[in-house]
Amino acid sequence: MGTMRTVPDFSVVRSGHEVQIPEQVSVPWQGLHRAVSRAPTIPGPAPAGRGGAAPRMRSGAAAAPRHRRGGAAAAAPAGAAGGGGGRRGRKKMPGKLKVKIVAGRHLPVMDRASDLTDAFVEVKFGNTTFKTDVYPKSLNPQWNSEWFKFEVDDEELQDEPLQITVLDHDTYSANDAIGKVYIDIDPLLYSEAATVISGWFPIYDTIHGIRGEINVVVKVDLFNDLNRFRQSSCGVKFFCTTSIPKCYRAVVIHGFVEELVVNEDPEYQWIDRIRTPRASNEARQRLISLMSGELQRKIGLKVLEMRGNAVVGYLQCFDLEGESGLVVRAIGTACTLDKLSNTSAFLPACNSPSKEMKEIPFNEDPNPNTYSSGPSTPLKNQTYSFSPSKSYSRQSSSSDTDLSLTPKTGMGSGSAGKEGGPFKTLLRQQTQSALEQREFPFFTLTTFPPGFLLHVGGVVSARSVKLLDRIHNPAFVGIMGNTRSYKLLDWNSFNSDEPETRDAWWAEIRQEIKSHAKALGCHAVVGYSESTSICEEVCILSASGTAAVLNPRFLQDGTMEGCLEQRLSWQPGFFSIGSEKGEVDFFPQSQDSSSLLGIEEASPPGCGFCHIPYDELNMPFPAHLTYCYNCRKQKVPDVLFTTIDLPVEAIVVGKGCLIQARLCRLKKKAQAEANATSISNLLPFMEYEVHTQLMNKLKLRGMNALFGLRIQITVGENMLMGLASATGVYLAALPTPGGIQIAGKTPNDGTYEQHISHMQKKINDTIAKNKELYEINPPELPEEIIGSPIPEPRQRSRLLRSQSESSDEVTELDLSHGKKDAFVLEIDDTDAMEDVHSLLTDVPPPSGFYSCNTEIMPGINNWTPEIQMFTAVRVSRLSNINPTNQTLNKNFNDLCENLLKSLYFKLRSMVPCCLCHVNFTVALPEDELVQIAVTAVAITYDKNQALQANKAPTEKSQQRASTDNEEQLQFPLELCSDPLSSQPFSPAKEVLEGASSHTGIPAAQRATSVDYSSFADRCNSWIELIKLKAQTIRRGSIKTTTSLEKASPLAEGYLRHRSVPSCTNSTVSVVKMTPLSFLPGAKITKYLGIINMFFIRETTSLREEGGVSGFLHAFIAEVFAMVRAHVAALGGNAVVSYIMKQCVFMENPNKNQAQCLINVSGDAVIFVRESELEMLPVQPSAAAPQHTSSAGDVTT
Amino acid sequence: MTLRCPLSVTPLCPPLSPLSPPVPSCPLLSPLSQGALAGILIGLARLNCSELRLKRLCHRQGLLGLGRVVSYAVSEWLRDIRCHQLPGLLGGVAPVHAVLQLWRALRDLLLLPLPGGGSRGCHPQCHPWGVGSGRRLGQRRSGAVHAAAAGAAGFGRGPFRTRGPPGTPPAPAAPTMSSDLDVFVGNTTLIDEEVYRLWLDGHSVAEAVARRLRGGVLEREGTSVAVLQSDTRDHYRTFQMLERLLHAPPRLLQQLLFQIPPERQALLIQRYYAFDEALARELLGKKLSKGTKKELDEVSARTGVGIRSCRRQFDNFKRVFKAVEELRGPLAENIQQLFLLPPALARDYAAIVFFANSRFETGKRRLQFLSFADFAACAQSLMGHWSQGALAPEAAEPDGDLPKSFLQDLKELKVLVADKDLLDQHKSLVCSALRGKISVHNELEANFKALSRALVNVGGKLTHARDVRDFFVDLVEKVIEPCRSDKWSPGDLRLFLTHYTAAPRNLPGFR
């Protein structure tokens, strides 16, 4: 095993990352109990009957109807957290779901004799099924059905997907299913989101893929005020975006919400042996759809209880635990969001984005006298919790125990400085107590409003190894033997005597994270995420986040604007329950802060978050601290690791780059407990090595901070793989990193010495080259500034942080510039040599390319609107017969590097561009097989401007901060009226326009078709022309009854949605996808709802479909297509925060079979190009052809 | 008459071309028997008579109600007159109209290969025939060598799927670590034009990679062979998935699976349906059946087009043919709408469909000198002037067939040669009009009768499907080759035909 030793400085490494070796090792054994989870509130024993579903429709059987309202609701175990204390059993009809099946196209040929299809459609929601007529002998049927109406309650609305099955009618034999469409109707339940879902959906079959398309219109009429029905959480908005969505304002950020739901996996049921693969897949798809609907509803309930109205950073994951079941879990951050429409309230804020940032440090500093009494603080803070609900008290009680961890820091400060000590503790206490009311003060957000983050401590992570136990005992089947199909089970009835649940597992890990954060002097964890890696019965649960100190204001009242008047307005109400004193005292203090503002103006912002939150003299780990290079007032560590995105206010030198640490470790094959032991023994070493690699690579690039760090440890049968990705940057506030020094172990050997020096030279060269490449040329600080007498403001700051004063003299006066704190690598064996070599083999991206795994590339801010989102998947066989760690490492390294290389090659036409949000996912599906999936987006940028802007990086980044703010704050002003102004004409008029342009091609187009200059022009014109013609012809030849007039009510809705988005001239509306939360050069005007889709695809003719690659290629393309179709049907034109959370691929080449599961999610949005915004009056006319084509779509 | 294969033409050209380079001379001249003015007179007289007779015939039949054929002919004439008031024609007399139509088509046909004489302005062919064909031949010969090599390579590869461009060939041995699965899917489908071309040309992945390597991508982009392979495979997979959609281009516009910008879609379609003229020339007039498809190996060897590419193109022809076979209306427009092709390409496809439908014989050695473009131009004129759509748009018959009634009418023209008077009158009219205007006047006077007879006979025979097939062969054999041996220039021929068609309107019977 390679050992890389570092000089004492190494300990700093750990400042970034908590490697809790002892704890790690101790953890696994808690997991040996049986895995059981919290019971979902899904009652209902056996399905009563399957309605009209004929036996051949196995899928119908599989998707067993849930008799939620079968009276069993009362039996729902109260164990469901936060769920429905006393609110169960309401059976009202809050809504009516209306569905209309319009037409189909490009259906597959189902009748070989006639080469045609007699298609009809079954529409199913809950237990109700409707059917359309059979449209005989056509591949483009026009059903044009009546409105099918489902009377449903809101709970059902939230949980159930609308299920549309297209079938081929056979007179003599069973009807064949062509495929299905699942439509999540959740987006229709928000008041301000989409009102209609209408469009072409691909008809998907789990065996054959997409088979034609179907045009469906879905509407929901809600009858009552939804808030009265607490079983449901209609109206709570969900966002995958890990920042405050662009057209909203966070009033309050409430905090962490989590939930999980467990069920049996249909794939592993006994019935699976006798049913078709298709039925199994459909059962699974439907089950997961139900489970995620339920999960979302439950999380919504929690949010409502917290008085929030939205979940941001919603991350839902599936754990396919094989025989032990299927877990769907989700985490998110509850918020109260306010739509940015009332501009007046907002106006003052956007004028002074920088001001508010500076103001923040003061707001957190309460007058020490005010809060001298310990108990009063929590009491007061208790009032912050808006809902004094049962569940809430439960949470606070659990947090009481954790308070024992806090004194650690408090004591330390007390010993350090008498005056500052209590002051600081109080400061912390205030925010801490606010947070600690929550069980877990975690935030899944990665980007925050300016000023939200006060300090960042570093990465905290925890892992635990668990054994999944079989829930699936024979007795169980015996009991349930009467049910022919699976159903959602009430786990409590079987496992009530098991104390250990998956909930408990996660709670345990979260506790650990929390305690780590406390050790770092932080009271919150931001950028929090959870993941699992499962191999057979072993499961590694991982959680990581960034310990941070938050600005309490945002948590309680969220007056982001920071305007004084705003605060005035909330304070009385806020403290109404609390002590009168609090209000009075708090107020002058804030006045005080604003008066201080003027003084503080002198110091540049953007370094506050780098300042250490922990006590210098009582650090949780040995660290190397210096004064902040930016403000010179407070201490900063020399390296900073975080899981969040780069804060907008951060000052960065040069550009960032993607840094990856890759590691492979062999493991003996073992069973159950032995396996778990060996894994948990390996884990700490892996963490350590991954960490060392990251650190080395960071230094090699001359950078000093990592953002967006994500460490993934994957367990396979005979190995463990670790992959850490992060974006390295040079933070101006942090000291310049020293170089890497290589020290040989045997200094006497001459040749060896030579070799070492040679390598040293190479490393130095690389560092120099990298500095040039990433344009890292930090402004040299003149010595006199460093040694200059402390200016006035600094005195003040010392007042706030007294420790810094003492350490000022104690530690070191000379703030070294690198060379001294060089990172030393000691080479003592070949392994280490290997490591050094691998360090040097990382090739930088080709010129014109940059890459990062954060949202935006630090140092580039002139993005052009061209984006290309992609997913690449590679499976490689590690073919070594006797693999060693080194060869495996090398192979793995090569695999990743080659993948990146091929991405650069593929996207070479976009140069100059940057790959953003590069997200690697590693899986070990089988022995010796490594699967890597990458999803990222390539965004082009303007090179000339980039060069220019780089001249003044500091200035620019400030500018960026302000523009970002403006973007966040100002654009709603422009946009709030936009949807209206863009539609000055009535829908009817649009239809008319469409009709008129159907008959005759617009004159302008005709003109272009005559005198074209470029090829593209030419093609456009004739394609356009032909499209119009083709449509008219097609309509004529098919002789459909659907004339334009008939379709017009439908087209109206269609058009209304299409009118805002793109002006592209295509019959299929273009939907952009991006893993980022924004679209460059565009404003998001509306969030239409969350997209969360799960697909299974299977084939029994793998070779015929082009092998594994052909199969997966088609499947991923299909998934994209379905996501796009759903977004387009909602009226959106983009998906932001798109993520492929799961891609499980299994093959059996001998049987010519393969199966793949993909889970994707994102936010459907409407965006408007900034350029279009300006010329909005022109837009309607320009968009006319678009209407034409979409109207054509409806009719054909 | 000697059969002239292109090979025998070539030796002719070197001595000829230096003789008259500026005035594009043509080896069309042949010694014509001089004189026979009397004949012209007789011909004129006869023509006059015939006209009267025809009219009389009309009346009589109208009165008597005899003979379905003739009465049908009358109604056809009237309809023709009604529908096509062609400018500058002898108003009212249908047979003359027919004559004119025939001549026009013939003239287009004959003039096309001639220097500067094509109706398609876009095909300036500045070489005299011999040179032109010689050059073409040279190309073909070198192409044949190439094709032989390619064909051999193709055979070496062994059997592959019958349909279209290549399937995924066996993956080449992976260099270091075997990548079982390697896919890249973009939200906007990436299309590399170079790879698309290679795919269309029917290269396997390995060949494509080799070609790309030769193209110097490696040096430009500084990447590795493995990357190039993976990229090529990705593109090939995409194209294979797209192929299904390309078979029905409107579906490509509607489908949801691939998000492709419209201009890219246009490019895909255009490139997919583009064809090699050499190949199209080979297949012109052949039945687009399985049998023909089996012969593609030979065609591939002859034309130098890769066999897979040949098959794709053949399938394209067949698909287009099948799609528009039964449709009414102008062929080119139908094709343009169903396959979203650019207008020029759609016109070429219309020509192919037209030829395949009428099964014109084009493979004879004597016709080898004609290129695809020449035939396409002929097809366009034939369709423009003779087709059902042109003659009677409301007719139910599809556009690809020549209307039977019209062909029947052509028979009536026989009077022009059968009646001595008419013939003479015709000749005198034409000759007097052309006096001094053409260089081969003597030969014209001598051969007028033979020429006229040949032309009228070719037209008259078209009622039989068998003769329709030989239409081009007959024309070349009976009209063009005599002219060529008499060294007619294209200008001369054009003038002659103009006057030849115009003259009958002055004849008594045709007025």
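Values in this document were obtained by computation on a predicted structure and should not be read as measured data. Here is how names work: the chains are called A, B, and so on, in the same order as the sequence lines, proteins then strands, and each is numbered from 1.
Within the 4.5 Å cutoff, no side-chain heavy atoms of B:Leu181 are placed close to those of A:Arg874. Proximity of B:Val185 to A:Phe1115: side-chain heavy atoms (C-beta onward) are nowhere separated by under 4.5 Å. The shortest distance between side-chain heavy atoms of B:Asp192 and A:Arg908 falls below 4.5 Å. Residues B:Asn187 and A:Phe870 have side chains not in contact (no heavy-atom distance under 4.5 Å, counting atoms from C-beta outward).
When B:Leu256, B:Val227, B:Thr188 are compared by the number of non-hydrogen pairs under 4.5 Å with chain A, B:Leu256 comes out ahead. Your options are B:Gln259, B:His235, B:Met241, and the one with the most heavy-atom pairs under 4.5 Å with chain A is B:Gln259. Most heavy-atom pairs under 4.5 Å with chain B: of the set A:Phe905, A:Phe1120, A:Phe201, this distinction falls to A:Phe905. Ranked by heavy-atom pairs under 4.5 Å with chain B, the first of A:Leu1112, A:Val1071, A:Val1119 is A:Val1071. No other option in A:Ile867, A:Val1108, A:Val1123 has as many heavy-atom pairs under 4.5 Å with chain B as A:Val1108.
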Name each donor-acceptor pair under 3.5 Å that joins a side chain in residues 929-939 of chain A to protein atoms two or more places apart or in another chain, with its distance.
unit_1	atom_1	unit_2	atom_2	d
A:Gln931	NE2	A:Cys1143	O	2.9
A:Thr935	OG1	A:Thr871	OG1	3.3

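Every side chain to side chain donor-acceptor pair (under 3.5 Å) that A:Lys906 has, sequence neighbours left out, goes to B:Asp231, B:Asp234.
In the model, A:His106 has no side-chain atom that pairs as donor or acceptor with a side-chain atom of B:Gln255 under 3.5 Å.
A donor-acceptor contact shorter than 3.5 Å links the side chain of A:Arg1124 to the backbone of B:Leu257.
Heavy atoms closer than 4.5 Å to chain B are found nowhere in A:Tyr1138, neither backbone nor side chain. For A:Ala1125, the part sitting under 4.5 Å from any heavy atom of chain B is the side chain, from C-beta outward, and nothing else. The part of A:Gln868 that comes within reach of chain B is its side chain, from C-beta onward, which places non-hydrogen atoms under 4.5 angstrom from that chain.
Distance CG/A:Asn898 to OG/B:Ser224: 5.5 Å, rounded to 0.5 Å. B:Gln254 CD to A:Glu213 CD: the interatomic distance, rounded to the nearest 0.5 Å, is 7.5 Å. In this structure, A:Ser909 OG and B:Glu193 CD are separated by 10.5 Å, a value rounded to the nearest 0.5 Å.
Exactly one of A:Ile1116, A:Leu907, A:Leu899 qualifies for a side-chain contact (heavy atoms from CB on, under 4.5 Å) with B:Phe184. That residue is A:Leu907.
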Discussion item. Could you go through B:Arg237 and A:Ser1109, starting from their C-alpha distance and side-chain angles, then the distance that decides it, and tell me whether this counts as side chain to side chain contact (heavy atoms under 4.5 Å, CB included)?
Written reply: CA-CA 8 Å; B:Arg237 268 198 304 275; A:Ser1109 297; 3.1 Å; yes

